Amino acid sequence: MHTPPDDRSLAERLHDGLSQQLFAAELDLQELRVHPDLPDDVRAVVDRLSARLAAGSRQLREALLGVPADADGEASAPLPEALSGVSAAFAAECPAVGVTVQVTGEGPQPPAPAGRVLLRAAREGLANVSKHADAAHALVVLRRGPRWWTVE
């Protein structure tokens with residue numbers, strides 16, 4: 001009898017397998033897109049495929065970040081790692097805007113609900129950058145202490 005993987009194992013397998021393959025396919029399409037002899041009708045298909053892969057990658061990352069918390073109430077992925085995933089998703093959607101993530105301080109992982117709020121704040125901030133700023137670069141700073149976390 002086959003035992004299904006637990007949520008964390010499944011998330012790790014999807015991250016290490018499927019999401020990496022989607023990312024590689026996006027890179028291949030970017031390489032094809034810049035080919036000087038690519039006919040316009042083929043370029044249109046490449047652009048559609050690229051957009052679909054980017055959307056699928058984003059949905060997969062969001063689903064992976066939304067995997068339920070462990071039994072002890074902590075988020076499945078460490079917050080700095082999850083924040084890197086959020087910024088990578090933004091970079092895939094807005095390649096014209098570079099993103100840097102800085103993590104400073106020391107502290108324990110926040111409870112899952114607090115971690116989700118911090119990730120939502122970072123997503124919203126990056127969305128505002130793409131909508132309202134004429135920026136070439138965005139800086140996301142995660143600060144942590146023994147009993148607190150902030151994101152800006």
Side-chain angles (χ1 to χ4, degrees), residues 1-33 46-152:
M1 175 193 266
H2 176 72
T3 304
D6 60 52
D7 287 341
R8 174 174 251 154
S9 172
L10 179 60
E12 288 171 358
R13 288 174 49 198
L14 289 171
H15 177 268
D16 294 341
L18 180 59
S19 70
Q20 297 303 316
Q21 292 299 318
L22 291 172
F23 180 70
E26 286 180 74
L27 292 177
D28 288 342
L29 285 172
Q30 288 175 6
E31 184 178 342
L32 182 60
R33 181 185 291 132
V46 168
D47 288 343
R48 282 195 312 270
L49 284 170
S50 182
R52 288 177 180 158
L53 279 171
S57 293
R58 183 181 65 251
Q59 291 168 358
L60 178 59
R61 280 188 292 274
E62 289 171 358
L64 291 174
L65 291 174
V67 170
D70 294 337
D72 63 2
E74 299 297 312
S76 296
L79 189 55
E81 184 179 312
L83 184 57
S84 291
V86 167
S87 55
F90 173 79
E93 288 179 45
C94 300
V97 180
V99 182
T100 301
V101 176
Q102 286 182 356
V103 179
T104 63
E106 304 264 335
Q109 177 77 358
R116 285 192 295 272
V117 168
L118 290 164
L119 289 175
R120 269 190 301 240
R123 270 192 214 102
E124 181 64 24
L126 289 170
N128 287 340
V129 166
S130 73
K131 290 178 190 172
H132 306 297
D134 187 23
H137 194 83
L139 173 63
V140 179
V141 180
L142 179 67
R143 290 185 176 92
R144 56 188 170 179
R147 303 182 100 186
W148 54 267
W149 290 69
T150 63
V151 67
E152 60 181 68

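Worth saying up front: this structure is predicted, and the values here are computed from it rather than measured.
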Of all the heavy-atom pairs spanning [X] and [Y], show the shortest one and how long it is.
{"X": "Pro146", "Y": "Pro108", "answer": "O-CD, 3.4 Å"}
{"X": "Leu83", "Y": "Ala122", "answer": "CD1-CB, 3.4 Å"}
{"X": "Val103", "Y": "Pro80", "answer": "CG2-CB, 4.0 Å"}
{"X": "Leu126", "Y": "Ser87", "answer": "CD1-CA, 4.2 Å"}
{"X": "Ala127", "Y": "Ser130", "answer": "O-OG, 2.9 Å"}
{"X": "Ala135", "Y": "Val97", "answer": "O-CG2, 3.4 Å"}

Does atom CZ of Arg33 have more than 12 heavy-atom neighbours from other groups under 6.0 Å away?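 Yes, because the 6.0 Å sphere around CZ of Arg33 holds more than 12 heavy atoms from other groups.
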Once rounded to the nearest 0.5 Å, what's the spacing between atom [atom1] of [X] and atom [atom2] of [Y]?
{"X": "Asp47", "Y": "Gln30", "atom1": "CG", "atom2": "CD", "result": "10.5 Å"}
{"X": "Leu119", "Y": "Leu142", "atom1": "CG", "atom2": "CG", "result": "9.0 Å"}
{"X": "Arg144", "Y": "Gln109", "atom1": "CZ", "atom2": "CD", "result": "9.0 Å"}
{"X": "Leu29", "Y": "Arg52", "atom1": "CG", "atom2": "CZ", "result": "11.5 Å"}

Quick one: side chain to side chain donor-acceptor pair (under 3.5 Å) partners of Gln102, sequence neighbours excluded?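 By the side chain to side chain donor-acceptor pair (under 3.5 Å) rule, Gln102 matches no residue at all.
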